[in-house]
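A short write-up of the structure that comes next.
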Amino acid sequence: MTFGEQPAYLRVAGDLRQKIVNGSLPPHTRLPSQARIRQEYGVSDTVALEARKVLMAEGLVEGRSGSGTYVREQPVPRRVSRAGCRGSGASNPFRQEQSEAGARGTWESSSEQQQATSDIAKRLGIQEGDRVMCTRYVFRDAGDSMMLSTSWEPLAVTGRTPVMLPEEGPLGGCGVVERMAAIDIVVDNVAEEVGARPGLAEELLQLGGVPGHAVLVIERTYYASGLAVETADVVVPADRYRIAYHLPVK
């Protein structure tokens, strides 16, 4: 193989991928069999099998027990709006952020006290093993799971206050900025880092994804005069959503 030349299975996969993208192989069409691929492209059984594996790993096709491999219908990506710190208001921050897209957002949550892992402790600027309030969310749009979030707040900040439980009490569901303001902490900065990785099995089960699919992960931390008061991991299916930021110009 000369320098820069693709392996045969990638060339075959690339041609089949193009046929899926341009509609020559529309959704729900059966993918050519391994024997057909071998014959049409003049490759070995091994190459044909590996090409099919590539398309399956990319989520372009799916196997149906006893029937064969079929082209999957690809969702049209939708926007998940992000806007940094939000001001006070009665609306839940999730509803605020999705309002521009017309999303009908609902969510479920559960909170429990935990000991901070080394990673979470580093993000919050506390000691490993310190107590934190961990809250897990499943966000839905029109009933479909669209986003997961896990947040951690240091109990040294919120413990024994009316805002110790993010989704309960007089300010339950109001968001970090407003909740912290209620205990005289002014949030003045938020940092977000966006990355991608393969979705974990439990994440894809909740989000309705295909094993091997990628997810976007937003690592977010709220600060008040340099003190981290909350950090969270937000997980979004990469094939169904795009992250859209609306940032003010100073």
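Both backbone and side-chain heavy atoms feed into the values below; hydrogens, waters and symmetry mates do not.
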Enclosure of E73 CD (heavy-atom neighbours >12, cutoff 6.0 Å):
no
Any idea which heavy atoms bring A13 and L55 closest together, and the distance?
O-CD2, 3.6 Å
Check the hydrophobic clustering (I, L, V, M, F, W, Y; side-chain heavy atoms under 4.5 Å; chains of links allowed) and say if I20 and I37 are grouped together.
yes
Would E230 and R220 satisfy salt bridge (charged side-chain N to carboxylate O under 4.0 Å, His left out), going step by step from the backbone distance to the final call?
CA-CA 8 Å; E230 188 255 20; R220 180 197 69 206; 2.6 Å; yes
Going by side-chain contact (heavy atoms from CB on, under 4.5 Å), name the residues that satisfy it together with M133, two or more places apart in sequence or in a different chain.
S111, Q113, T135, L155, M164, L165, P166
Which heavy atom of R38 sits nearest a heavy atom of A48, and at what distance?
N-CB, 4.2 Å
Nearest-0.5 Å distance, CD of residue E112 to SG of residue C134
6.0 Å
Between M146 and P237, which heavy-atom pair has the shortest distance, and what is it?
O-CD, 3.3 Å
Tell me the closest heavy-atom pair linking D130 and I126, and the distance in Å.
OD2-CB, 3.5 Å
If you count heavy atoms of other groups shown closer than 6.0 angstrom to CZ of R36, is the number above 12?
no
Close side-chain approach of V12 to V54, heavy-atom, < 4.5 Å:
no
What's the separation between atom CZ in R242 and atom CG in D239, rounded to the nearest 0.5 Å?
8.0 Å
Working to the nearest 0.5 angstrom, can you tell me the gap between F139 CZ and L148 CG?
9.0 Å
Test log, rule side chain to side chain contact (heavy atoms under 4.5 Å, CB included), inputs Y137 and S151:
CA-CA 8 Å; Y137 297 86; S151 73; 4.1 Å; yes
Hydrophobic cluster partners of L200 (side-chain heavy atoms under 4.5 Å)
none
Verify same cluster id: V177, V190 (apolar side-chain graph, 4.5 Å):
yes
Is the closest side-chain heavy-atom distance between M180 and Y222 below 4.5 Å?
no
Do the non-hydrogen side-chain atoms of Y41 and L16 ever get within less than 4.5 Å of each other?
yes
So does E58 get a backbone contact from the side chain of R17, meaning a donor-acceptor N/O pair under 3.5 Å?
no
Given the options V186, I185, I183, V229 meets side-chain contact (heavy atoms from CB on, under 4.5 Å) only with I185
Between S24 and N22, does any side-chain donor sit less than 3.5 Å from a side-chain acceptor?
yes
Counting only heavy atoms not in Q39, do more than 12 sit closer than 6.0 Å to its CD atom?
no
Would E108 and R140 count as a salt bridge (charged side-chain N to carboxylate O under 4.0 Å, His left out) here? Give the steps.
CA-CA 9 Å; E108 298 173 1; R140 293 186 173 89; 3.0 Å; yes
So do the side chains of Q114 and R131 get within less than 4.5 Å of each other, counting heavy atoms only?
no
Please check if the number of heavy atoms outside Q127 that lie under 6.0 Å from its CD is greater than 12.
no
Spacing of CG belonging to L60 relative to CZ belonging to R72, to within rounding of 0.5 Å:
8.5 Å
Closest approach of E203 to V215 (non-hydrogen atoms, all atoms of both residues):
OE1-CG2, 4.2 Å
Does L227 share a hydrophobic cluster with V132, counting links as ILVMFWY side-chain heavy atoms below 4.5 Å and allowing steps through other members?
no
Is Y241 linked to I243 within one hydrophobic cluster, defined over Ile, Leu, Val, Met, Phe, Trp and Tyr using a side-chain heavy-atom separation of less than 4.5 Å?
yes
Checking R136 against S109: is there a side-chain donor and acceptor pair closer than 3.5 Å?
no
Is a side-chain N or O of T231 found less than 3.5 angstrom from the main chain of L124, in a donor-acceptor match?
no
Do the non-hydrogen side-chain atoms of I218 and E193 ever get within less than 4.5 Å of each other?
no
Which atom names give the shortest non-hydrogen contact between V163 and E153, and what distance separates them?
O-OE1, 4.4 Å
For V235 and L216, run side chain to side chain contact (heavy atoms under 4.5 Å, CB included): C-alpha distance rounded to whole Å, both residues' side-chain angles, the deciding distance at 0.1 Å, then the answer.
CA-CA 6 Å; V235 178; L216 299 172; over 6 Å; no
Do D45 and Q34 have side chains that approach each other closer than 4.5 Å (heavy atoms only, starting at C-beta)?
yes
Between Y70 and P27, is there a side-chain heavy-atom distance shorter than 4.5 Å?
no
Starting from the C-alpha separation in whole Å, work towards a yes-or-no answer on salt bridge (charged side-chain N to carboxylate O under 4.0 Å, His left out) for R64 and E62.
CA-CA 7 Å; R64 299 180 185 174; E62 61 183 354; 3.7 Å; yes
In Å, rounded to the nearest 0.5 Å, how long is the span from CZ of R52 to OG1 of T69?
4.0 Å
Could D141 and R240 be called an ion pair, given the rule that one side-chain N must be under 4.0 Å from one carboxylate O?
no
Gap between atom NZ of K53 and atom OH of Y9 - 0.5 Å precision
10.5 Å
L204 and M56: same hydrophobic cluster, using ILVMFWY side-chain contacts below 4.5 Å?
no
A side-chain contact here means heavy atoms from C-beta on lying under 4.5 Å apart; do V236 and L207 qualify?
no
Between D15 and R11, does a salt bridge (charged side-chain N to carboxylate O under 4.0 Å, His left out) hold up when you go through it step by step?
CA-CA 6 Å; D15 188 70; R11 295 199 303 273; over 6 Å; no
